[in-house]
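Whatever order the structure lists them in is the order used to number ligands and atoms, beginning at 1.
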Amino acid sequence: MPDSQLSLITQKIIAFRDARDWKQFHNAKDLAAGLAIEASELQELFLWKTPEEVSQTVSSKKTQISEELADITWFLLLLSNELDIDLIEAVTAKYEKNAAKYPVEKAKGSHAKYDEL
Ligand SMILES: [Mg+2]
């Protein structure tokens, strides 16, 4: 079976990291922190903005938003690699779990948590 796009980009990031001898810094704790920090950088682009300003930001800062999403993905792939977690399998398993927790007939149009449906 051919490698998935996710696997190929992970291999590329690992090669980038290894060429710089950065694996020594990439323990699970710091990769998780990096992931959260990058997610915060994404949030910062929208901080204190009104719904109208958010819409403007989405248009005017599309490149920055894209780069933060890439940063988040970068850390996510490094962390999942470090923990030997297959993201496709993990997301698939979570999909099944969420489908059971949030059946359409109960959850459609509701923002309630599964235990309050
Ligand atoms: Mg960033």
Side-chain angles (χ1 to χ4, degrees):
M1 180 168 30
D3 283 345
S4 69
Q5 287 288 83
L6 206 54
S7 173
L8 293 173
I9 197 68
T10 300
Q11 290 169 29
K12 194 169 183 174
I13 290 169
I14 296 296
F16 179 99
R17 177 199 67 189
D18 291 347
R20 289 156 183 79
D21 194 22
W22 288 349
K23 183 170 175 26
Q24 60 184 312
F25 309 117
H26 286 182
N27 59 70
K29 173 186 73 70
D30 290 319
L31 290 171
L35 177 60
I37 290 165
E38 295 300 343
S40 295
E41 289 178 3
L42 175 64
Q43 286 187 301
E44 190 175 23
L45 295 173
F46 302 114
L47 188 64
W48 311 124
K49 293 192 166 49
T50 65
E52 293 77 24
E53 290 169 331
V54 168
S55 293
Q56 291 168 357
T57 299
V58 167
S59 297
S60 67
K61 296 192 174 179
K62 189 94 175 190
T63 299
Q64 282 176 268
I65 293 167
S66 174
E67 288 180 355
E68 296 307 344
L69 289 173
D71 288 342
I72 292 165
T73 304
W74 191 290
F75 273 104
L76 180 63
L77 293 175
L78 283 171
L79 181 58
S80 62
N81 180 74
E82 180 68 21
L83 301 176
D84 197 25
I85 291 172
D86 183 313
L87 278 179
I88 299 294
E89 287 180 15
V91 171
T92 301
K94 190 67 180 184
Y95 178 93
E96 297 299 328
K97 198 170 179 179
N98 283 343
K101 283 163 67 175
Y102 295 97
V104 173
E105 61 273 15
K106 286 186 178 177
K108 189 170 185 177
S110 171
H111 57 70
K113 194 172 175 184
Y114 66 92
D115 60 354
E116 294 176 356
L117 288 172

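The closest approach of Glu41 to the Mg ion (ligand 1), by N/O/S atoms, is made by OE1. Take the N/O/S atoms of Glu68: the one nearest the Mg ion (ligand 1) is OE1. Shortest distance from the Mg ion (ligand 1) to Asp71 is reached at OD2 (N/O/S atoms only). Closest approach between the Mg ion (ligand 1) and any N/O/S atom of Glu38 involves OE1.
More than 12 non-hydrogen atoms from other residues, nucleotides or ligands lie less than 6.0 angstrom from CD of Glu53. For NZ of Lys97, the number of neighbouring non-hydrogen atoms (other residues, nucleotides, ligands) closer than 6.0 Å is 12 at most. Atom NZ of Lys101 is surrounded by more than 12 heavy atoms from other residues, nucleotides or ligands within 6.0 Å.
No hydrogens or angles considered: a donor-acceptor pair under 3.5 Å links the side chains of Ser7 and Gln11.
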